[in-house]
Amino acid sequence: MTRKRSPSGGAVAGPVPDPDTVPQLLLRWYDRHARSLPWRAPPGSAPADPYAVWLSEIMLQQTTVTAVIPYFRTFLQRWPDVAALAAADRDEVLAAWAGLGYYSRARNLHLCAQQVAGLHGGRFPVDEAGLLALPGIGPYTAAAIAAIAFDRPAVVVDGNVERVVARLFAESDLLPAVKPRLRQRAAELTPQRRPGDFAQAMMDLGATVCTPRSPDCLLCPLSGQCGARAAGIAAELPRRAAKAAKPQRHGIAFWLRRPSDGAVLLERRPPKGLLGGMLGLPGTPWEDRRPWPLAEALAWQPAAADWVLLPGGIRHVFTHFALDLSVALADLPADEATLASAPPTGSLWLSPGRETWEQLPTVMRKAARFAHAADTAPASRR
DNA sequence: TACCCGTGGCG
DNA sequence: TCGCCAAGGGT
């Protein structure tokens, strides 16, 4: 047992993780406990298909394994290789991504497939620099693909690795300032042999044992090497800078029904920014100040009509704000023949139902379900 | 650099 | 009910 001094000055008792022992213990644990995942090759075997590795890594950015699995299966079945995905219609890719969030990932996924198919002959670059140059692939993903698909000793650092390393070395400085030091620590631990399995083992450990809230140190193969465990502060690391409070925003969405067939008007959102490129209900901007009076919201109505504001609404929390969204209902007036038959570019009429909801981002699914339920409610509704 | 960008599960 | 946060990237 050695003793060291933390950067903040406090004495920290405990072992110093050994850069040879840690990978050894971790890979032994991984050989027995690796999770079976649709995109993963078994421990010690030949690397998985780079296309599947790439697709899974993009989907897994800031997203849980549970959420990703059904989307991964759907994509792989529908577009089995990078050439198929490159040839796909962009809006169909976006529709298939709907519900998974962070929609710029889907736009970049399609772009990246087209670059790999067109510029690289359908093969992914095997080195980090080449991967990093592709859209949607940043430092983490480039390292992960290089290690997992191409067996390169890249240093793979995601949130799991940061947490595991912060605990192993009892790093008590705040994220994100301490990131460079954590990366250096991770580099010291990354082995030349089985780097892909090592990376996946670190992430599995972080996801199943060395968890954020209540790490299960009794099951951890590295507990004997862990500085935070020795100091009794594992659950408190890594420490993070405080986050800003989320503003509350308000908006009104318009549910415009075409009387001839019950279809509803939807709009293609602008290509960048929030929910970029996705379908949604037309509506007001989402503003901080207060709920919208219907009279003011009418400036954004898709057509002049006899709008009825529904009581209540839906609530949705985005990364950096919370939204209260109300819904106004109307039938398209009979004199709007042009809008009924030929909506402007970016607008379209779709029939209410599951096939339509599935193309929408979650906030719009909530609004559409809410509006549709009110619209088809029994006559007790006034 | 700091901010923007979704969603769902969990304690 | 609510805050936390996850296999981050782009700008």
Side-chain angles (χ1 to χ4, degrees), chain A residues 35 37-40 52-72 94 97-109 111-112 131-149 154-164 175-177 179-180 183 186 196 198-208 210-215 235-236 238-249 269-278 280 286 314-323 360-366:
Chain A
R35 290 185 290 176
L37 300 172
W39 48 83
R40 174 178 282 182
V53 173
W54 163 71
L55 179 61
S56 70
E57 289 298 342
I58 301 300
M59 289 183 167
L60 286 163
Q61 289 168 2
Q62 297 288 287
T63 308
T64 58
V65 166
T66 306
V68 163
I69 286 176
Y71 285 86
F72 176 82
L94 287 179
W97 195 277
L100 199 55
Y102 284 134
Y103 297 97
S104 67
R105 291 185 297 173
R107 304 194 299 269
N108 284 329
L109 183 85
L111 264 179
C112 183
L131 290 162
L132 197 51
L134 292 166
I137 297 182
Y140 160 75
T141 306
I145 296 172
I148 297 170
V155 180
V156 180
V157 183
D158 72 333
N160 287 307
V161 175
E162 285 182 348
R163 183 170 59 254
V164 171
L175 281 174
K179 272 176 181 282
R183 189 180 197 290
F198 175 78
Q200 295 180 92
M202 288 286 275
M203 295 189 282
D204 268 21
L205 189 74
T208 64
C210 195
T211 54
R213 301 292 181 80
S214 53
E236 301 166 25
R239 298 168 65 181
R240 293 177 189 277
K243 296 179 179 176
K246 285 183 184 182
Q248 178 69 52
R249 296 184 183 173
R269 296 174 61 86
K272 292 185 177 179
L274 187 70
L275 310 178
M278 302 297 290
W286 298 339
I314 63 108
R315 172 163 297 187
H316 190 77
V317 180
F318 292 95
T319 308
H320 53 295
F321 67 93
L323 175 67
L360 304 181
T362 298
V363 62
M364 293 299 174
R365 287 184 193 176
K366 288 183 185 177

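Chain letters run A, B, ... following the sequence lines, proteins first and then strands; every chain starts at 1.
OP1 or OP2 of C/dC5 has not a single side-chain nitrogen or oxygen of A/Arg163 nearer than 4.0 Å. Taking only side-chain nitrogens and oxygens, A/Gln62 comes nearer than 4.0 Å to OP1 or OP2 of C/dG8.
The distance between atom CG of A/Asp204 and atom P of C/dA6, rounded to the nearest whole Å, is 16 Å. The CD atom of A/Glu236 sits 16 Å away from the C1' atom of C/dC4 (whole-angstrom rounding). Between the P atom of C/dG9 and the CG atom of A/Leu134 lies a distance of 12 Å, rounded to the nearest Å. One atom, CD1 of A/Ile58, and another, P of C/dG9, lie 7 Å apart when rounded to the nearest Å. Distance A/Phe321 CZ to C/dG3 P: 16 Å, rounded to the nearest Å. If you take CG of A/Leu131 and P of C/dG8, they are 17 Å apart, rounded to a whole angstrom. In this structure, CZ of A/Arg240 is placed 14 Å from C1' of C/dG3, rounded to the nearest angstrom. Spacing between atom CG of A/Asn108 and atom C1' of C/dT11 amounts to 12 Å, rounded to whole angstrom units.
Side chains of A/Phe72 and A/Ile58 form no contact here, defined as non-hydrogen atoms less than 4.5 Å apart. Side-chain atoms of A/Trp97 and A/Leu109, non-hydrogen and from C-beta on, do get closer than 4.5 Å to each other.
Side-chain atoms of A/Arg107 do not come within 3.5 Å of backbone N or O of A/Lys272 as any donor-acceptor pair.
Positionally, the nearest nucleotide of DNA chain B for A/Gly273 lies more toward the 5' end than for the other of A/Gly273 and A/Ala67. Taking for each of A/Ile137 and A/Gly206 the nucleotide of DNA chain C with the nearest heavy atom, the 5'-most of the two is the partner of A/Gly206. If A/Gln61 and A/Thr66 are placed on DNA chain B by their nearest nucleotide, the residue sitting closer to the 5' end is A/Gln61.
Within 4.0 Å (heavy atoms only), A/Thr141 reaches sugar-phosphate atoms of the nucleic acid but no base atom. Note on A/Leu100: a base of the nucleic acid sits closer than 4.0 angstrom, heavy atoms only. Among the protein residues, A/Arg365 comes within range of no part of the nucleic acid, since none of its heavy atoms lies under 4.0 Å from any strand. Within 4.0 Å of A/Thr319, counting heavy atoms only, lies at least one base atom of the nucleic acid. No contact: A/Val156 has no heavy atom under 4.0 Å from any strand. Using a 4.0 Å heavy-atom distance criterion, A/Leu37 is classed as a base contact. Using a 4.0 Å heavy-atom criterion, one finds that A/Arg107 contacts no nucleic acid atom at all. Among the heavy atoms of the strands lying under 4.0 Å from A/Gly99 are primed sugar atoms or P, OP1, OP2 only; no base atom is included.
Screening A/Tyr102, A/Trp54, A/Tyr71 for a side chain to side chain contact (heavy atoms under 4.5 Å, CB included) with A/Met59, the sole residue that qualifies is A/Tyr71.
Between atom CD of residue A/Glu57 and atom CD1 of residue A/Ile137 there is a gap of 10.0 Å, rounded to the nearest 0.5 Å.
A/Leu94 approaches A/Gly277 most closely through the heavy-atom pair CD1-O, 3.3 Å.
A/Thr362 pairs by the side-chain contact (heavy atoms from CB on, under 4.5 Å) definition with A/His316, A/Lys366, not counting sequence neighbours.
Of all nucleotides listed (C/dG8, C/dA6, C/dT11), C/dT11 comes nearest to the side chain of A/Lys272.
Running 5' to 3' along DNA chain B, contacts with non-hydrogen atoms of chain A at under 4.0 Å begin and end at B/dC4 to B/dG11.
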Please determine whether side-chain hydrogen bond (donor to acceptor under 3.5 Å, both in side chains) holds for the pair A/Gln200 and A/Arg40, giving the CA-CA distance in whole Å, both sets of side-chain angles, and the decisive distance to 0.1 Å.
CA-CA 9 Å; A/Gln200 295 180 92; A/Arg40 174 178 282 182; 3.0 Å; yes
